[in-house]
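To start, the structure itself, in structure tokens.
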Amino acid sequence: MEQDVESPAVTTRKPKLPKQAREDLPKQLVDQVRAKRKIQRYVRKDGKCNVHHGNVQETYRYLTDIFTTLVDLKWRFNLFIFVLVYTVTWLLFGFAWWLIAYVRGDLEHIGDNQWTPCVNNLNGFVSAFLFSIETETTIGYGYRVITDQCPEGILLLLIQSVLGSIVNAFMVGCMFVKISQPKKRAETLVFSTSAVISVRDGRLCLMFRVGDLRNSHIVEASIRAKLIKSKQTKEGEFIPLNQTDMNVGYDTGDDRLFLVSPLIICHEINQNSPFWEISQADLDKEDLEIVVILEGMVEATGMTCQARSSYVTSEIKWGYRFMPVLTLEDGFYEVDYNSFHDIHETNTPSCSARELTEMNCRARLPLTWSVASKLSQQGVLEPEGREKKSTTTLVTQEEGLEEQTERNGDIANIESESKV
């Protein structure tokens, strides 16, 4: 008796084609592969740059700026180095105190009241290590005390006090700077998950939304946007990840924000915009990324804070607008962050901004201009005919001037005869 059992599907891994074979693929197949592949971001949504530095030969440059290197380390490495530096210094100076006691013979006269040691009650390496910790941290329990009969001990005490102060200043400074870094402040600066393109005041505009979740505001906040897209010059040079500035109000001052409530940042698509000739159909084929950067000073600390995000092609919605989030309540305004990322569809032409501008210009032209432009485009008005017409017009104007001159002369003669 046969049973209807579904057999597991056998998956076969397709072999990777060589480079020459990949170059010979049809264009449609290449487009399909490009559409299916995962989009590689230059800047991730959380603001971290997706760039790794490899094959760095001059690694000594990191040691020349050791303070910044320590601050940039992760917390686990920073804490490990913090503990390691203090432990090593304590051990080194503890060994130095034990060495002085060993050379002077203090360890051989333990309990001898007639012998004056360098450090009282130092009877081994452990006690020397504890004395080193008491000296560097200025604890001073009072049980182990240096005597005045040990000049080398006095010199070592001075050296440890100075070096201990330097180590304290360096390590505590690193920890303070790392704790007070405004990176976490950027976590409360939010960007909309998608950017939209729609018509605003008769012009196509690319828009995205920014907001601040805290009640303490960002002082001197400013916004920038850059288009990341590879390009090829006329000479054939390929420039990967070329950066192009996008105007978000630099000329008018709209890039300086008063970020109390969420704001919609607008980039007008005009002749200077990289999206000037891109239509809705062209946008789906483009491989580009928009990086937005919000900068300002933290009101509580005065330190500069920077928040970043990016939008790839699939996150740019054509023909949409943002939902309003600000409502007027009893005596105050309320922001509904549940609708911060919401968008709704609106009537938007699918043509490019250049085509939309040309259509608007043609719609505003008079009928006579439109007919003349049509005739000139169709070649009805020949250049030779225009030259003949212009020549005839000039001759007619010259004859008219001569007749007017003769009339003026006759009138002058008549006036002179009447006076006589």
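All values reported here derive from a predicted model rather than from experimental measurement.
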According to the salt bridge (Lys or Arg N to Asp or Glu O under 4.0 Å) rule, which pairs have a member within [range], sequence neighbours left out?
range: residues 148-166; value: R104-E152
range: residues 61-82; value: E58-R61
range: residues 232-248; value: K226-D245

key: Set of residues satisfying ring pair (Phe, Tyr, Trp, His ring centres under 6.0 Å) with respect to W115, sequence neighbours excluded   =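 In terms of ring pair (Phe, Tyr, Trp, His ring centres under 6.0 Å), with neighbours along the sequence ignored, W115 is linked to H109.
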request  = Applying side chain to side chain contact (heavy atoms under 4.5 Å, CB included), run through I179 and W75 and close with a yes or a no.
outcome  = CA-CA 10 Å; I179 291 173; W75 269 108; 3.5 Å; yes
Keeping [X] on the side-chain end and [Y] on the backbone end, is there a donor-acceptor pair under 3.5 Å?
X: S350; Y: Q280; value: no
X: S310; Y: V43; value: yes
X: E277; Y: S352; value: no
X: N121; Y: Y143; value: yes
X: N50; Y: R41; value: yes

If I take atom [atom1] from residue [X] and atom [atom2] from residue [Y], how far apart are they, to the nearest 0.5 angstrom?
X: F93; Y: I159; atom1: CZ; atom2: CD1; value: 7.0 Å
X: T346; Y: I197; atom1: OG1; atom2: CD1; value: 13.5 Å
X: T313; Y: I278; atom1: OG1; atom2: CD1; value: 9.0 Å
X: N247; Y: C266; atom1: CG; atom2: SG; value: 10.0 Å
X: T89; Y: M171; atom1: OG1; atom2: CE; value: 10.0 Å
X: T348; Y: K317; atom1: OG1; atom2: NZ; value: 14.0 Å

More than 12 heavy atoms of other residues, nucleotides or ligands under 6.0 Å from [atom1] of [X]: yes or no?
X: F238; atom1: CZ; answer: yes
X: Y333; atom1: OH; answer: no
X: D251; atom1: CG; answer: yes
X: E108; atom1: CD; answer: no
X: F67; atom1: CZ; answer: yes

key: Residues E315, K45: salt bridge by 4.0 Å N-O rule   =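 Counted as a salt bridge, because a side-chain N and a carboxylate O are separated by less than 4.0 Å.
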request  = Output yes when K229 and E286 qualify as a salt bridge under the 4.0 Å nitrogen-oxygen rule, no when they do not.
outcome  =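 Counted as a salt bridge, because a side-chain N and a carboxylate O are separated by less than 4.0 Å.
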Using a 4.5 Å cut-off on heavy atoms from C-beta on, say whether the side chain of [Y] contacts that of [X].
X: L157; Y: I146; result: yes
X: I228; Y: I290; result: no
X: M175; Y: L79; result: yes
X: V196; Y: F208; result: no
X: W90; Y: T137; result: yes
X: M359; Y: P349; result: no
X: C49; Y: Y42; result: no
X: V119; Y: T147; result: no

Sort and list the pairs that fulfil side-chain hydrogen bond (donor to acceptor under 3.5 Å, both in side chains) and have at least one residue in [range], not counting sequence neighbours.
range: residues 192-201; result: S192-Y311
range: residues 262-273; result: R203-E268, H267-S273
range: residues 206-217; result: R185-D212
range: residues 153-179; result: Y86-N168, W97-Q160, S132-Q160

Atom of [X], atom of [Y] and distance for their closest heavy-atom approach:
X: L294; Y: A221; result: CD1-CB, 4.4 Å
X: A186; Y: C305; result: N-SG, 3.8 Å
X: F170; Y: I66; result: CZ-CG2, 3.8 Å
X: F125; Y: W98; result: N-CD1, 3.5 Å
X: S279; Y: D282; result: OG-OD2, 3.0 Å
X: L156; Y: A96; result: CD2-CB, 3.7 Å

request  = Given side chain to side chain contact (heavy atoms under 4.5 Å, CB included), test L257 with I223 step by step and report yes or no.
outcome  = CA-CA 7 Å; L257 310 178; I223 190 75; 4.0 Å; yes
ask   = Between R321 and I343, is a side chain to side chain contact (heavy atoms under 4.5 Å, CB included) present by the stated rule, with each step listed?
value = CA-CA 5 Å; R321 287 179 185 169; I343 57 177; over 6 Å; no
inquiry  = Suppose we screen for side-chain hydrogen bond (donor to acceptor under 3.5 Å, both in side chains). Which residues come up paired with E187, at least two apart in sequence or across chains?
reply    =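 side-chain hydrogen bond (donor to acceptor under 3.5 Å, both in side chains) list for E187, sorted by chain: empty.
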request  = Tell me whether the centres of the aromatic rings in Y337 and F340 are closer together than 6.0 Å.
outcome  =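 Y337 vs F340: aromatic centres under 6.0 Å.
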inquiry  = Checking T327 now: which residues fulfil side-chain contact (heavy atoms from CB on, under 4.5 Å) with it, not counting sequence neighbours?
reply    =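 For T327, the residues satisfying side-chain contact (heavy atoms from CB on, under 4.5 Å) (neighbours in sequence not counted) are E329, E334.
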key: side-chain contact (heavy atoms from CB on, under 4.5 Å) partners of S222, counting only residues at least two apart   =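 With sequence neighbours excluded, S222 shows a side-chain contact (heavy atoms from CB on, under 4.5 Å) to E295, given in chain and number order.
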Residues L204, L356; criterion side chain to side chain contact (heavy atoms under 4.5 Å, CB included); working and verdict = CA-CA 8 Å; L204 277 178; L356 181 62; 3.9 Å; yes
message = Could you work out, with disulfide (SG to SG under 2.5 Å) as the rule, every residue matching C118, not counting sequence neighbours?
response =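 Listed in chain order: C150.
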